[in-house]
Participant: 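Structure in C-alpha cells, see below.
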Amino acid sequence: MADEEMMTGAEMVLRALADQGVQHVFGYPGGAVLPIYDEFFQQEKVKHILVRHEQGATHMAEGYARSTGKCGVALATSGPGATNCVTGLTDAMLDSIPMVLLTGQVPTHLIGNDAFQECDTVGITRPCTKQNWLVRDVNDLARTIHEAFYVATSGRPGPVVVDIPKDVQFAKGKYTGPKGVTVKSYQPRTAPDAHAIEAAVALIATAKKPVLYTGGGVINSGPEASKLLREFVALSGIPITSTLMGLGAYPASGKEWLGMLGMHGMYEANMAMHDCDVMICVGARFDDRITGRLDAFSPGSKKIHIDIDPSSINKTVRVDIPVVADVGQALAAMLAEWKKRKVKLDETALSAWKRQIDSWRAVDCLKYRASKEVIMPQHAIQRLYDLTKDRDTYITTEVGQHQMWAAQFYRFEEPNRWMTSGGLGTMGYGLPAAVGVQAAHPKSLVIDIAGDASVQMTMQEFSTAIQYRLPIKIFILNNHYMGMVRQWQQLLHGNRLSESYSDSLPDFVKLAEAFGGKGIRCSRVADLDAAIMEMINTPGPVIFDCEVANLANCFPMIPSGKAHNEMLLGADISDEEVGTAIDAKGKQLV
Amino acid sequence: MNAHQQATGSAYNIDTTKKERQTHTLAVIAENQPGVLARIIGLFAGRGYNIDSLTVSETEHEKHVSRFTIVTTGTPSVIAQIKAQLDRMVPVHSVADLTVEGNFLARELAMVKVQGAGDKRVEALRLADAFRARVVDAATDSFVFELTGKPDKIDQFISLMVPLGLVEVSRTGVAAIARGPGVLKA
Ligand SMILES: Cc1ncc(C[n+]2csc(CCOP(=O)(O)OP(=O)(O)O)c2C)c(N)n1
C-alpha cells in the first residue's frame, strides 16, 4: 500500500491507531472531537469503549497497558474533557505507564481567544507528560501520532498527549505510516555498559549478606525480564524483595521470596534491606515509601542500581555501581558474566544470612487477631486469594488500607497480574483500571479490591462495565471509614477522627442492581467462602460488599521518620502504643 | 512543608541546602519546537532548581536546533540531577556541563543608560572607554553604553556607573562556548 495517501486529519487518527495495532480506545465525545468520532462510526478495526468520565478513560488505558505490556490509548474532547484526564496522566507519569491520550482542541484560528471549551491542554499537561504536542498542520498529524507511540513506549515508559484542533481534523493532508518513525533527540540507552556489569558481578561475588530489591521496572521491561530475574535468583540464591509496583516479577511461592518491602512491607524484607552488605536494586527508584528514614537506610551496604532512567540514579540514595540499561538486557548481561566467571557465593555466609532472615520471618509480621464473628479484612483477602489463585486472575486496587492488605495477603506468581496506583496513590484508580484489564482479557477473572470511600470516586464506570459486558468484580472491604486516613489520625492526631467516617454510604447491593449488575453482601465469616464463590460464578459485573471489622489497622508499618529496623508490628500492639508511635517530627511528614 | 526547618527524617528532610553549592554553566542542545523552553523552565520551577541565567536562540535553522545556555547553582548532587533531568527530556539532544569539561568562554551583552551632566558625564565616558564600552546612543544629558564581556566585568561596570547617574540596565544573560577545537554535538 502506498505510504503516502491523502485523507482528512480525522481519518488519519483512525488509520494511525490501526497501523499502531491499537485495538481499544477508551474515550468520551465532545464538540472538538466529533470528526474523529465520525470516523470511529465508519470503521471496525479499532474498538471504542465509551466511558462515563474521562478520568476513567485514562485509568482504563493504564490498566490495559499494565496488564498487556502494550500502550494504552484514551481520547477526550477539548477543555473539560482534557482537564478531566490530568489525574490519570499524572498517575501514569509516576508509575511509568505507556499511554497515548488524544485530545480535541478548538480550531487553530481560535486558539488563545478563550473560545468555548478552550484550555491550554499542552500547557496544563506539560508537567504530567513525558512529552506533548499541539498539531497545527494536518501534514504533521500522522507522524506526530506515531512519534507519540514511540515516546510513550521507549526508554522509561510514560504518558504523552497529542492535542488536535478541530480544523486539523477536517483538513486533508498526506498520511505517513509508522515505519521508521522515531525521535532523533530521544534515543534512550538500553544496553548496559560492559564494565558496569563486570563491576556489579564482581561486587555481588564478594557478598555475604546480599539482597535483591526489585521494582516496577522489571514489569515494564517485559516478561523476558521476569524470566531472567527468576533465573538469576535461582542461580545465585540471593533473597529477593520487591516494591508495590514490582509484585509478580518473582513468584510469591519462590524459594528466595521475602515479600514486599517498604512502609507496609514485610518485617523480614525491611530488616534484610537494613542489614544487607550488597543491595542490588533492579528497576526501582528508592522512593520515600521504600527507604523510610533516609539517613538510616541500609547503612552498611554497597549498592548496585539498574535503571533505564539516568535521573533515577543517585536521586535520593547514593549508589556505588550504577547500571543505566533496560532491566532485561542488564539481567541478561549479568547472567552471562556470572556464568562466565563461574561465580559462587560464600556458602557458609549465605546460609548464615538466610538463617538470620528466617529468624525475622519467624516474627510472623502479618499476624492479626482473628475473629469468628466479624470478618477481618486480612482474612477476606486470604480467602479471596485461596479461592481465585488457581484461576486466570488479575487484581487491581484502589488506595488505602485495602490496597496494602491486598499487597500483603494476595500472592502474585506472574508479572502483569497486579495493577495498583503506586506513585500517585489515586483513589478511584482500581475500578476503571479493572475495566481496562477486562477489555484486554475478556475471559479472565478481573477483581478490583476496593475500599468503601475509594470506590465512590469512579463508581460510574461500573456502567461502562455493564454496557460492554465486562464482568469485573468489585470486592469492597467495607470498613465504613477512610481506613488509612483513620489509621493515621489514630497514629498522629490523638484519634480525633476528623471527616474520615464514611457517612451516608450507598447500599452497594442496590447500587449494583441499579446499574444492572449483581450485588452481593457478606458480613459473616461463615458465609464468606460461599459468597466469594457466588461472585466468581456470576457471569456479569458484580459489586461485593464485604462488611469487615471497622477499626482494623494495617501493620506492619514503618512510621514516618523511622528506619527500616524500627517497624511497628501489629498483632500485640495496644492502642496506647499506636497513639504514640510517631514523634513530633514524624508527624510533619506524609 | 519547609524542609529547612526539619531535622533528619525521611526523604522529605534531606537538607541539601547546607552542602557546598556550586555554580555551573550548562549548554543544552534541543529541538527548536514550541514548548521546549516552557518544558525546561517548568523543570526548574517544578523541582525547585535555581536559574541564575538562561539564554536561548536557534543556532542551526535547517536542523531546527536551539542552544540553551543555563547558569545554575546547587549542591553537586542537585547539579547532577539537573543534568540528568534535562538529558532525559524528549526534545533535548545533549547536555554539556561546560564547568566540568574545563575551559570555556562566557560572555554577556549589556546596555547601560546613564543620565547626567558636567563632571559626571565626563567621568562616565572615561570609564566606558577603559571598559571598552561603546557609546550607542547619546543625547545632551544621557548616554547608552553597550558592553560585552564576562558577567563579572559587566557587574563591575554597572556598579561604577551607579554614582555617575545610572538609570537603566538591560542584560542578555550568558552565552557560553568551550575553548579549543572540540565541538558540542547535537
Ligand atoms: C484522590 C485521592 N484523594 C485523597 C486521598 C487520600 N487518601 C488516601 S487513603 C484514603 C482513604 C481511603 O479509604 P477507603 O477507600 O475506604 O479505603 P480503606 O483505607 O478504608 O481501605 C484517602 C482519603 C487519595 N489517596 N486519593
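The sequence lines fix the lettering, A, B, ..., with proteins before strands; numbering per chain opens at 1.
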Participant: Could A:Arg285 and A:Asp307 be called an ion pair, given the rule that one side-chain N must be under 4.0 Å from one carboxylate O?
Facilitator: no
Participant: Below 4.5 Å from any heavy atom of chain B, which atoms of A:Ile313 appear? Answer side chain, backbone, both or neither.
Facilitator: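 Only the backbone of A:Ile313 comes within 4.5 Å of chain B.
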Participant: Is chain B contacted by the side chain of A:Val183, its backbone, both, or neither, given a heavy-atom distance below 4.5 Å?
Facilitator: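 A:Val183 touches chain B through side-chain heavy atoms alone.
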Participant: Will you find, in the side chains of B:Gln22 and B:Thr73, an N or O donor that is under 3.5 Å from an N or O acceptor?
Facilitator: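 Result is no, nothing qualifies.
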Participant: Any chance the side chains of A:Thr103 and A:Asp163 put a donor and an acceptor closer than 3.5 Å?
Facilitator: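 Distance-only check passes for A:Thr103 and A:Asp163.
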Participant: At a 4.5 Å cut-off on heavy atoms, which part of B:Val92 comes close to chain A: side chain, backbone, both, or neither?
Facilitator: backbone
Participant: Would you please indicate yes or no on a ring centroid separation below 6.0 angstrom for A:Phe297 and A:His274?
Facilitator: no
Participant: Any ion pair linking A:Asp287 and A:Arg289 (charged N to carboxylate O, less than 4.0 Å)?
Facilitator: no
Participant: Using heavy-atom distances under 4.5 Å, tell me whether A:Thr129 contacts chain B through its side chain, its backbone, both, or neither.
Facilitator: both
Participant: Give a yes-or-no answer on whether the side chains of A:Ser298 and A:Ser301 include a donor-acceptor pair shorter than 3.5 Å.
Facilitator: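 Checked: A:Ser298/A:Ser301 side chains pair up, N/O donor to acceptor below 3.5 Å.
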Participant: For chain A, which residues of residues 24-59 of chain B have at least one non-hydrogen atom nearer than 4.5 Å to it?
Facilitator: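 Listed by number, the contacting residues are B:Glu31, B:Gln33, B:Gly35, B:Ala38, B:Arg39.
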Participant: What residues of residues 113-139 of chain B make heavy-atom contacts with chain A at a cutoff under 4.5 angstrom?
Facilitator: none
Participant: Judged by modelled atom types alone, do A:Arg156 and A:Ser96 share a side-chain donor-acceptor pair under 3.5 Å?
Facilitator: yes
Participant: Whether the side chain of A:Glu566 engages the backbone of A:Ala563 through a donor-acceptor N/O pair (distance < 3.5 Å, no angle test) should be reported.
Facilitator: yes
Participant: When you look at A:Tyr186 and B:His93, which way does the ring-ring contact (aromatic ring centres under 6.0 Å, His included) test go after all the steps?
Facilitator: CA-CA 7 Å; A:Tyr186 188 68; B:His93 284 275; over 10 Å; no
Participant: With the side chain counted from C-beta on, respond yes when A:Thr108 and A:Asp137 share a heavy-atom pair under 4.5 Å apart, and no when they do not.
Facilitator: no
Participant: Against chain B, label A:Arg136 side chain, backbone, both or neither, depending on which of its atoms sit under 4.5 Å from a heavy atom there.
Facilitator: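 Contact with chain B is absent: no heavy atom of A:Arg136 under 4.5 Å.
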